[in-house]
A.B. asks: 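My questions will all concern the structure given below.
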Amino acid sequence: NGESGSEVTADFLLRTGRVVDMSRPKYPRHIEFCSEEARLKTFQNWPSYALLTPKELANAGLFFTGIDDQVKCFCCGGKLMNWEPSDRAWIEHSKHFPDCLFVLGRDVGNVALAS
Ligand SMILES: [Zn+2]
């Protein structure tokens with residue numbers, strides 16, 4: 001017969017309420033940058049005019065997007081750019097993305113650099 005199993009699966013998921021789970025935002029957004037070391041490596045072409053150090057940005061969960069001085073959070077996916085001399089990575093991150101689970105100190109799989 002031509003009946004496919006996928007319909008049965010979808011119906012099962014609906015009935016068990018798992019569809020609701022799947023609509024939740026997925027964190028971290030960029031699982032490949034959970035590691036601070038992996039984030040640090042993205043700063044190879046970090047522009048010389050950029051005032052913040054890759055170390056500080058990577059520590060705050062941010063990796064370089066390769067565009068201007070734009071960085072992105074591995075957890076919330078939020079973008080930050082146009083850094084000012086007085087900016088601090090953690091403060092800007094929490095100011096613009098207060099709901100970020102990494103900012104809130106949740107366990108989102110961050111792997112800190114061994115120091
Ligand atoms: Zn974030």
Side-chain angles (χ1 to χ4, degrees):
N1 62 59
E3 206 177 312
S4 89
S6 61
E7 275 177 50
V8 177
T9 308
D11 185 50
F12 172 76
L13 290 173
L14 271 174
R15 279 189 284 114
T16 55
R18 285 187 188 213
V19 171
V20 177
D21 285 348
M22 288 165 79
S23 72
R24 277 189 206 154
K26 290 269 186 290
Y27 293 105
R29 288 287 165 92
H30 300 277
I31 205 151
E32 69 273 32
F33 293 122
C34 274
S35 136
E36 191 172 336
E37 193 182 357
R39 294 196 294 273
L40 210 50
K41 279 181 184 163
T42 64
F43 288 92
Q44 274 179 359
N45 297 313
W46 185 235
S48 52
Y49 65 81
L51 299 150
L52 279 78
T53 63
K55 207 179 168 206
E56 176 177 353
L57 294 160
N59 182 259
L62 305 163
F63 63 91
F64 184 33
T65 63
I67 305 158
D68 300 327
D69 64 347
Q70 184 190 80
V71 295
K72 211 170 172 183
C73 171
F74 82 97
C75 178
C76 65
K79 287 180 196 167
L80 293 163
M81 62 185 296
N82 296 325
W83 295 93
E84 305 283 337
S86 59
D87 285 346
R88 294 277 60 94
W90 268 116
I91 294 170
E92 290 305 303
H93 192 172
S94 58
K95 195 160 85 185
H96 292 279
F97 307 102
D99 298 330
C100 173
L101 295 180
F102 183 57
V103 163
L104 294 171
R106 305 286 178 81
D107 181 12
V108 288
N110 180 54
V111 182
L113 266 187
S115 54

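Note that ligands are numbered from 1 as they come in the structure, with each ligand's atoms numbered from 1 the same way.
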A.B. asks: Tell me, which protein N/O/S atoms are under 2.8 Å away from the Zn ion (ligand 1)?
C.D. replies: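 Hits for the Zn ion (ligand 1) below 2.8 Å: C73 SG, C76 SG, H93 NE2, C100 SG.
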A.B. asks: Does the W46 side chain pair with the main chain of T53, one donor and one acceptor, at a distance under 3.5 Å?
C.D. replies: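 Judged by distance alone, no pair lies under 3.5 Å.
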A.B. asks: Quick one: salt bridge (Lys or Arg N to Asp or Glu O under 4.0 Å) partners of R106, sequence neighbours excluded?
C.D. replies: none
A.B. asks: Pick from N110, L57, V111: which one makes a side-chain contact (heavy atoms from CB on, under 4.5 Å) with R39?
C.D. replies: N110
A.B. asks: When clusters are formed from ILVMFWY side-chain contacts under 4.5 Å, directly or step by step, what else is grouped with M81?
C.D. replies: none
A.B. asks: Pairs of donor and acceptor atoms involving the side chains of residues 63-74, under 3.5 Å and at least two apart or interchain, shall be tabulated with distances.
C.D. replies:
residue	atom	partner	partner atom	Å
T65	OG1	I67	N	3.4
T65	OG1	Q70	O	3.0
T65	OG1	Q70	OE1	2.9
D69	OD1	N82	N	3.0
D69	OD2	N82	N	3.4
D69	OD2	W83	N	3.1

A.B. asks: How are the rings of F97 and H93 set relative to one another: parallel (under 30°), tilted (30 to 60°) or perpendicular (over 60°)?
C.D. replies: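 If you compare the ring of F97 with that of H93, the planes turn out perpendicular.
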